[in-house]
Amino acid sequence: MDGGWYRLAMVLTLFVGVWEGPIAIVFRVFTDKGPNVLVAANYLPSPWCYLVAVAAATIAFAVIAVLETRRKKAMSAAG
């Protein structure tokens, strides 16, 4: 897999992590919209939805760190 695929995976992971993390919290706190598939953490009751949203963002950033490390290894091996 070349660097472009790693970058694409990182961008998609970042989007999902931010959407299911901070955006889910913003929808919960500042809007009166009900939960839906796009903000799945909001289906949970009040204290748990925030923990799941933070965990989703944390996991996404950990996956991005792993992808960046693997991208650097792939680029050094290819170059």
Side-chain angles (χ1 to χ4, degrees):
M1 194 160 59
D2 66 347
W5 289 109
Y6 281 110
R7 292 284 184 187
L8 178 64
M10 285 189 282
V11 167
L12 293 175
T13 304
L14 177 68
F15 177 75
V16 171
V18 168
W19 192 265
E20 287 298 328
I23 299 297
I25 292 173
V26 167
F27 272 108
R28 178 75 175 233
V29 173
F30 297 113
T31 67
D32 58 349
K33 294 182 180 181
N36 59 35
V37 176
L38 297 176
V39 284
N42 290 341
Y43 281 109
L44 297 171
S46 183
W48 296 108
C49 68
Y50 303 117
L51 292 174
V52 169
V54 169
T58 304
I59 290 169
F61 289 125
V63 169
I64 289 171
V66 169
L67 286 170
E68 178 64 19
T69 303
R70 292 189 65 184
R71 186 193 68 82
K72 287 181 181 178
K73 284 183 185 177
M75 291 294 102
S76 67

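For the atom pair Asp32 CG and Phe27 CZ, the distance stands at 11.0 Å (nearest 0.5 Å). Once rounded to the nearest 0.5 Å, the distance linking CG of Asn42 with OH of Tyr50 reads 8.0 Å. In this structure, OG1 on Thr13 lies 9.0 Å from CG on Leu8, to the nearest 0.5 angstrom. Remark: Arg70 CZ to Met10 CE distance equals 11.5 Å, nearest 0.5 Å.
A distance-only check finds no donor-acceptor pair linking the side chain of Trp19 to the backbone of Ala24 [under 3.5 Å]. For Glu20 (side chain) and Ala53 (main-chain N/O), no donor-acceptor pair under 3.5 Å exists by modelled atom type.
A single hydrophobic cluster is not seen to contain both Ile25 and Leu14; linkage of ILVMFWY side chains at heavy-atom distances under 4.5 Å, directly or through other members, places them apart. Hydrophobic clustering, with ILVMFWY side chains joined whenever heavy atoms are under 4.5 angstrom apart, groups Phe61 together with Tyr6. Leu51 and Val29 sit in two unconnected hydrophobic clusters of ILVMFWY residues. Membership requires side-chain heavy atoms under 4.5 Å apart, directly or through other members. Under a hydrophobic-cluster definition in which Ile, Leu, Val, Met, Phe, Trp and Tyr are linked whenever side-chain heavy atoms come within less than 4.5 Å, directly or via other members, Leu38 and Ile59 are assigned to the same cluster. A chain of hydrophobic side-chain contacts below 4.5 Å, direct or via other Ile, Leu, Val, Met, Phe, Trp or Tyr residues, connects Ile64 to Val18.
In plain terms, the two heavy atoms of Pro22 and Ala57 that are nearest each other are CD-CB, 4.3 Å.
Evaluated for a side chain to side chain contact (heavy atoms under 4.5 Å, CB included) with Thr69, the options Arg71, Lys72, Lys73 yield exactly one hit, Lys73.
Annotation: side chain of Pro35 is not in contact with side chain of Arg28 (no heavy-atom distance under 4.5 Å).
Cluster partners of Val66, using a side-chain heavy-atom cutoff of under 4.5 Å among ILVMFWY residues and allowing indirect links: none.
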